[in-house]
Amino acid sequence: MSDNERQDRQEDAPQGADATQGTSQEDTTTETASDAAIPELVIISGMSGAGRSTAAKCLEDLGWFVVDNLPPALIPTMVELGARSQGNVARIAVVVDVRGRRFFDNLRESLADLESKNVTRRIVFLESSDEALVRRFESVRRPHPLQGDGRIVDGIDAERELLRELRGDADLVIDTSSLNVHELRAKMDAQFAGEEEPELRATVMSFGFKYGLPVDADLVVDMRFLPNPHWVPELRPYTGLNEEVAAYVFNQPGAKEFLDRYAELLQLIAAGYRREGKRYVTIAVGCTGGKHRSVATSEKLAARLASQGVETVVVHRDMGRE
């Protein structure tokens with residue numbers, strides 16, 4: 001071999017090694033990017049005054065990265081940045097409200113983009129009655145963001161129309177009309193706490209049919225087939241939390257049998273919910289005024305569910321409303 005040939009081989013060897021090393025680095029970078037963990041995404045929306053800020057703070061306390069009033073068009077970008085964080089931002093919550101209404105038309109396009117990228121996302125919609133919303137805005141002496149020169153109810157109507165389609169797409173609708181801050185946080189905790197919590201969480205809510213059905217009810221129980229303690233003068237002033245009222249209700253023919261069989265039915269339903277990945281259920285128990293029969297039954301039913309390992313919150317929506 002000539003000296004020139006030896007020199008050519010020596011010059012070619014380092015170049016070949018560098019090229020191989022560069023290819024390896026490029027493959028590693030590509031592999032790392034493809035293996036980046038896609039964050040879980042929750043979109044919080046709903047009526048102004050219904051508790052979006054409370055819901056967002058609850059998720060923040062649970063370790064979520066929360067962004068308030070992010071333009072919908074930037075949601076995919078936020079998810080992409082989270083994927084590049086090497087696991088530091090594994091869960092993202094975005095609050096979308098009417099303050100960003102000029103960007104709101106981009107939301108559906110962003111959701112379609114996220115779906116094409118296999119991003120796990122859920123939409124939480126906070127709902128409330130007109131009466132409750134008006135009362136809340138008046139208590140803080142602030143106008144509704146959409147009322148303009150009109151009344152608060154005009155702004156509420158405009159917002160409901162704007163959010164109608166999004167509400168229909170929501171994975172979880174929470175009616176906060178009769179919830180205080182602590183009860184709303186309990187609902188959010190039940191839905192989004194870690195896997196160490198019980199698999200299924202339930203809210204058992206008593207209500208009065210004359211005040212309307214709870215809009216977030218998954219199951220509705222009608223206790224009006226039992227005699228009404230309202231017509232017993234000595235029981236009328238009390239509620240279903242009173243021992244005498246509860247005894248009166250469950251001493252009626254069919255009351256205990258109904259509770260036993262409905263609890264068995266809930267076991268069957270709960271098993272199906274778990275198979276479908278549903279982690280939260282609202283059971284609405286109604287009577288005429290939401291004071292006696294529904295309250296007593298809700299307490300008994302909640303105790304039965306808790307004994308079966310279901311984390312349960314009891315809410316008496318209309319008790320004391322009369």
Determine all donor-acceptor pairs shorter than 3.5 Å in which one atom belongs to a side chain in residues 203-212; sequence neighbours excluded.
unit_1	atom_1	unit_2	atom_2	d
T203	OG1	Y280	OH	2.3
S206	OG	H316	ND1	2.8

* **K117 side chain near D113 side chain, heavy-atom distance below 4.5 Å** => yes
Should M223 and V220 be counted in the same cluster of Ile, Leu, Val, Met, Phe, Trp and Tyr side chains packed under 4.5 Å apart?
no
Heavy-atom closest pair (K291 atom, S294 atom, distance to 0.1 Å) is N-OG, 4.1 Å
Heavy-atom closest pair (A202 atom, V310 atom, distance to 0.1 Å) is CB-CG1, 3.9 Å
Quiz prompt | Salt bridge present between E161 and R164 (N-O < 4.0 angstrom) | solution = yes
* **E234 atom CD, over 12 foreign heavy atoms within 6.0 Å** => yes
On a heavy-atom basis, the closest approach of L163 and G46 is CD1-O, 3.2 Å
Group every Ile, Leu, Val, Met, Phe, Trp and Tyr by side-chain heavy-atom contacts under 4.5 Å, then state whether V215 and L179 land in the same group. no
Classify the ring geometry of H292 against H230: parallel below 30°, tilted from 30° to 60°, perpendicular beyond 60°. tilted
dist I123:CD1 -> I44:CD1 (nearest 0.5 Å) comes out at 11.5 Å
Joining Ile, Leu, Val, Met, Phe, Trp and Tyr whenever any side-chain heavy atoms lie under 4.5 Å apart, the cluster holding M319 also takes in L241, V295
From the list V95, L166, V124, side-chain contact (heavy atoms from CB on, under 4.5 Å) with S45 holds only for L166
Nearest heavy-atom contact between W64 and L41 is CZ3-C, 4.5 Å
To the nearest 0.5 Å, atom CZ of R52 lies from atom CZ of F125 at 9.0 Å
Note: G51 and L184 closest approach over all heavy atoms is O-CD2, 3.7 Å
Output for pair (S178 OG, E183 CD), nearest 0.5 Å, gives 7.0 Å
Between D216 (side chain only) and D175 (backbone N and O only), is there a donor and an acceptor less than 3.5 Å apart?
yes
Quiz prompt | hydrophobic_cluster_shared for V96 and F65, side chain cutoff 4.5 Å | solution = yes
Rounded to the nearest 0.5 angstrom, the CD1-CG distance for I75 and L107 is 5.5 Å
Q. Could you go step by step and tell me if M78 and V89 meet the side chain to side chain contact (heavy atoms under 4.5 Å, CB included) rule?
A. CA-CA 10 Å; M78 176 60 65; V89 181; over 6 Å; no
*asked:* Taking atom CZ as the centre, does R321 end up with more than 12 heavy-atom neighbours from other residues, nucleotides or ligands that are less than 6.0 angstrom away?
replied: yes
So do the side chains of I174 and T282 get within less than 4.5 Å of each other, counting heavy atoms only? no
- request: Check whether any side-chain heavy atom of R121 sits under 4.5 Å from a side-chain heavy atom of D171, and report yes or no.
  value: yes
When rounded to the nearest 0.5 Å, the distance separating NE2 of H144 from CG of L133 is 7.0 Å
* Asked: Would a distance-only check, ignoring hydrogens and angles, find a side-chain to backbone donor-acceptor pair under 3.5 Å from Q252 to Y248?
  -> yes
In this structure, CD of E40 is separated from CD1 of I38 (nearest 0.5 Å) by 12.0 Å
| Would you call Y262 and R304 a side-chain contact if the rule is heavy atoms closer than 4.5 Å? | no
* Asked: Donor-acceptor pair, R136 side chain versus G49 backbone, under 3.5 Å?
  -> yes
| request: Indicate yes or no: at least one non-hydrogen side-chain atom of P229 is less than 4.5 angstrom from one of V249. | output: yes
Go through R84 and E80 one step at a time and tell me if the salt bridge (charged side-chain N to carboxylate O under 4.0 Å, His left out) criterion holds.
CA-CA 7 Å; R84 296 177 182 177; E80 183 180 350; 2.5 Å; yes
- Task: Ignoring hydrogens and angles, tell me if any N or O in the side chain of S128 forms a donor-acceptor pair with the backbone of A132 under 3.5 Å.
- Result: no
Show your working on side chain to side chain contact (heavy atoms under 4.5 Å, CB included) between R167 and V173 and close with a plain yes or no.
-> CA-CA 8 Å; R167 188 190 187 284; V173 177; 3.7 Å; yes
Beyond-backbone contact of S48 with F137, side-chain heavy atoms, under 4.5 angstrom
yes
Consider only side-chain heavy atoms of I, L, V, M, F, W and Y, link residues closer than 4.5 Å, and tell whether F250 and L305 are in one cluster.
yes
Exercise. Determine, step by step, whether F258 and V221 satisfy the side chain to side chain contact (heavy atoms under 4.5 Å, CB included) criterion, reporting the C-alpha distance in whole Å, the side-chain angles of both residues, the deciding distance to 0.1 Å, and the verdict.
Key: CA-CA 11 Å; F258 176 83; V221 183; 3.4 Å; yes
Exercise. Any side-chain heavy-atom pair from V281 and L266 closer than 4.5 angstrom?
Worked result: no
### Message
Would the distance check show the side chain of S110 and the main-chain N or O of P72 forming a donor-acceptor pair, the cut-off being under 3.5 Å?
### Response
yes
Look at the side-chain heavy atoms of Ile, Leu, Val, Met, Phe, Trp and Tyr, link any pair under 4.5 Å apart, and say whether L213 and M47 land in one connected group.
no
Are T54 and T176 packed together at the side-chain level, in the sense that at least one heavy-atom pair is separated by less than 4.5 angstrom?
no
Quick one: do L74 and V67 satisfy side chain to side chain contact (heavy atoms under 4.5 Å, CB included)? Show the steps, please. CA-CA 11 Å; L74 296 181; V67 184; over 6 Å; no
Next item on the list: Count the heavy atoms belonging to other residues, nucleotides or ligands that lie under 6.0 Å from CD of E244, then report whether that count exceeds 12.
Entry: no
F225 and D222 have their tightest heavy-atom pair at CD2-O, 3.4 Å
- Can you establish whether the number of heavy atoms outside R236 located under 6.0 Å from its atom CZ is more than 12? yes
